[in-house]
Student: 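Here it is, the structure in full.
Values in this document were obtained by computation on a predicted structure and should not be read as measured data. Each ligand, and each atom within it, is numbered from 1 in the order the structure gives. When reading the values below, keep in mind they use all heavy atoms of this one structure, side chains included, and skip hydrogens, waters and symmetry mates.
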Amino acid sequence: MGIIVQKFGGTSVANSQLILSAARKAIRAHQEGHQVVMVVSAMGKNTDYLIELAHEVNEVPPTREMDMLLSTGEQVSVALMAMAIDSLGYKAVSLTGGQIGIRTDSSHTKARIKSISTERVRKLLNEGNIVIAAGFQGIDENFDITTLGRGGSDTTAVALAAVLEADACEIYTDVDGVYTTDPRILPEARLTRQVSYDEMLELASLGAGVMHSRSIEFGKKFNVPIHVRSSLSDVPGSLIVKEPESPGAVVSGAALTKDEARISLLSLTNSPEVSLKIFEPIAQQKITVDMIAQSATENGKANLCFTVPRAEMAATLKILRPVVLSLGGEIGQCSDQVSKVSVVGLGMARAVGVADRMFHALAQAAINMQMITTSEIKISALVDRNEALRALRTVHEEFGLHLTPENAVTDPFSSLSNRREKVAAIEVISRLQGVDMEGLTIDDIALDDKQSRLTFLGLPNRSGIASRIFREFAKQEIFVDMIVQNYVDSDASDVSITVPRKLFSQAMKISQDLASEWKPCSVSGNEKIGKLSVSGIGLRSHTGMAITMFRALANQGVNLEMINTSEVRVNAVVDEAFAKAGLAALRADFAGALR
Ligand code: ADP
Ligand code: ASP
Ligand code: MG
């Protein structure tokens, strides 16, 4: 039998009894004939406690010292785990990230894994040991200790499973598996049997804290099946693999990001450099920008709205004041009392009317959406913070997420060993040689020139408006692809959509009829647009990627008409006249990351 990686999170090793119980799980797997590698997190809330302590002595602790401090949490757990296994009569050796040879870059507190050596672990396993690896940590080229970011032990576990070509990677945690939404927020959430990598990537980055999203990037890149299960019960849990739970389901999960802030910039002088000028200085401060909506007004001006984590609002505004001034614009109404509600599902890429259902359900519940962004497999809406929970419950119910979907897999674990065999070992290894394990990988850079854009300018900013628009489109079976709603002020919002080009006039007619009901709303459109898309792995976690894209397009003098981002794809809409040059620029800039 092969290698099995078992990861235990903080709550699963919070005291000595739990450590002994985790030790027994590893021993059981060892007795069954597996070679066992455990990955262990810091006990309970130890990492939180260490962070608090650091802030008591220094408001802005140096990040190198922070990593030195935080890595001790995991060191305590691995040593205790090895002692526990020894006390039960089995051989075990604990190793720090450095001792294993987990090499990372030097970005302290959010380091990325470059490579992992396997010799020492393999030798210890072959000598009959259970190997216990400290999660969440590595060393950089100066042998300084680094950490991978909060929740990073999941990433250690999946990365180790990839390089060791493990048969399974089991993530033991304090819930029974991956639910349709956080079961601690919505008790009616359903335990899923299976989730696809792409869905889990989106859900994790949209607020489903059960898995560190970078661990799913590893899972997808190296084809590691990830089995999430409870350390406290024997429920089978959920499997994260390539395929979704049910081929028929349009939505498979929902998530909430509670603490967001909305930044609204108005009347910026529109030019190809606008996005670059705004987002580059923010990215330099390592602030992650999320939902982005931009709309061009008639007089050569642009309104731009985006979200950042709530805690970063003040810092973002400070950076932006001089930039906005230089672009002749102003900072509009911003708010740190907003939350993002999202639904995710592979099936929505093919279905008409998914957005319509979400917006209609929210409208029925009288919840106003301040911003909307979509990607092929997710729809996010920004709502008032006070209404966030109700919004999550509303969409969860609308898509029947509490019910098992039709044609769902019944026993995903039965075929697990077959799936693993399908992954030619040689392929995994060749992909690992000499490459940066966690580097950005681009699968494809493409141009879709079969769509048109429509923009509603100055829509009333109240619940039910977006829903009306999408109802009409769904009624006439017009597939709306990209949707972006931009917050202008408390009275007005702009909505841009893309539709199939052959239906442009029909769509324009519907839009104008609707707009006439909402005076002074107007509709503009561009029949010939090009939708440029870059798809791959790590697109959002590599924050510099969007900036590279903005720069490549700005250098070609290309005006961005719409943009949307997801974990696996970034789409930018430009006028068709610029599309080919834009495509060539993107291909040249990302040549190094294409696989
Ligand atoms: P660990 O310490 O084991 O790494 P975490 O606290 O990081 O555990 O992750 C488990 C928690 O993730 C659960 O207690 C649950 O509240 C939360 N969670 C958020 N979204 C989901 C979801 N979709 N399914 C399951 N758990 C979720
Ligand atoms: N101990 C670290 C944290 O609390 C890493 C982890 O638990 O995954 O973030
Ligand atoms: Mg975790």
Student: My understanding is that only one of Thr257, Leu382, Thr307 makes a side-chain contact (heavy atoms from CB on, under 4.5 Å) with Val338; could you say which?
Tutor: Leu382

Student: Taking only heavy atoms of Gly10 into account, list the atoms of ligand 1 that are under 4.0 Å away from them.
Tutor: 2 (O)

Student: Return the option from Leu206, Leu256, Asp182 holding the heavy atom at the smallest distance from atom 15 (C) of ligand 1.
Tutor: Asp182

Student: Determine whether the side chain, the backbone, both or neither of His212 has a heavy atom under 4.0 Å from any heavy atom of ligand 2.
Tutor: neither

Student: Backbone or side chain, does any N or O of Gly151 fall under 3.5 Å from an N or O of ligand 2?
Tutor: yes

Student: Under 3.5 Å, is there a donor on one side chain and an acceptor on the other for Ser106 and Asp144?
Tutor: no

Student: At a non-hydrogen distance cut-off of under 4.0 Å, which region of Arg150 contacts ligand 1 (side chain, backbone, both, or neither)?
Tutor: neither

Student: Which of these passes side-chain contact (heavy atoms from CB on, under 4.5 Å) with Ser467: Gln364, Met369, His360, Arg357?
Tutor: His360

Student: If the cut-off is 4.0 Å to any non-hydrogen atom of Glu74, which atoms of ligand 2 fall inside it?
Tutor: 1 (N), 2 (C), 5 (C)

Student: Between Glu567 and Lys220, does any NZ, NE, NH1 or NH2 come within less than 4.0 Å of an OD or OE carboxylate oxygen?
Tutor: no

Student: For atom 13 (C) of ligand 1, which of the options Asp174, Thr47, Thr192 provides the nearest non-hydrogen atom?
Tutor: Asp174

Student: Does ligand 1 have an atom under 4.0 Å from some heavy atom of Pro183?
Tutor: yes

Student: Within the 4.0 Å heavy-atom shell around Ser41, which atoms of ligand 2 are there?
Tutor: 6 (C), 7 (O), 8 (O)

Student: Heavy atoms only: which of Val195, Val210, Val178, Thr180 is nearest to atom 9 (O) of ligand 1?
Tutor: Val210

Student: Of Leu191, Thr173, Leu203, Asp154, which has the heavy atom at the shortest distance from atom 1 (P) of ligand 1?
Tutor: Thr173

Student: Looking only at N/O atoms, are Arg150 and ligand 2 under 3.5 Å apart anywhere?
Tutor: yes

Student: With heavy atoms under 4.0 Å as the rule, classify the contact between Ser41 and ligand 1 as side chain, backbone, both or neither.
Tutor: neither

Student: Less than 4.0 Å from atom 6 (O) of ligand 1, is there any heavy atom belonging to the protein?
Tutor: no

Student: Let me check something: any side-chain donor-acceptor pairs from residues 40-54 under 3.5 Å, sequence neighbours excluded? List them with distances.
Tutor:
unit_1 : atom_1 : unit_2 : atom_2 : d
Ser41  : OG     : Ser153 : OG     : 3.1
Asp48  : OD1    : Arg150 : NH1    : 3.1
Asp48  : OD1    : Arg150 : NH2    : 3.0

Student: Looking only at protein heavy atoms, which one is nearest to atom 6 (C) of ligand 2, and how far off is it?
Tutor: Ser153 OG, 3.3 Å

Student: Would you check the N or O atoms of Arg184, main chain and side chain alike, for any that come under 3.5 Å of an N or O of ligand 1?
Tutor: yes

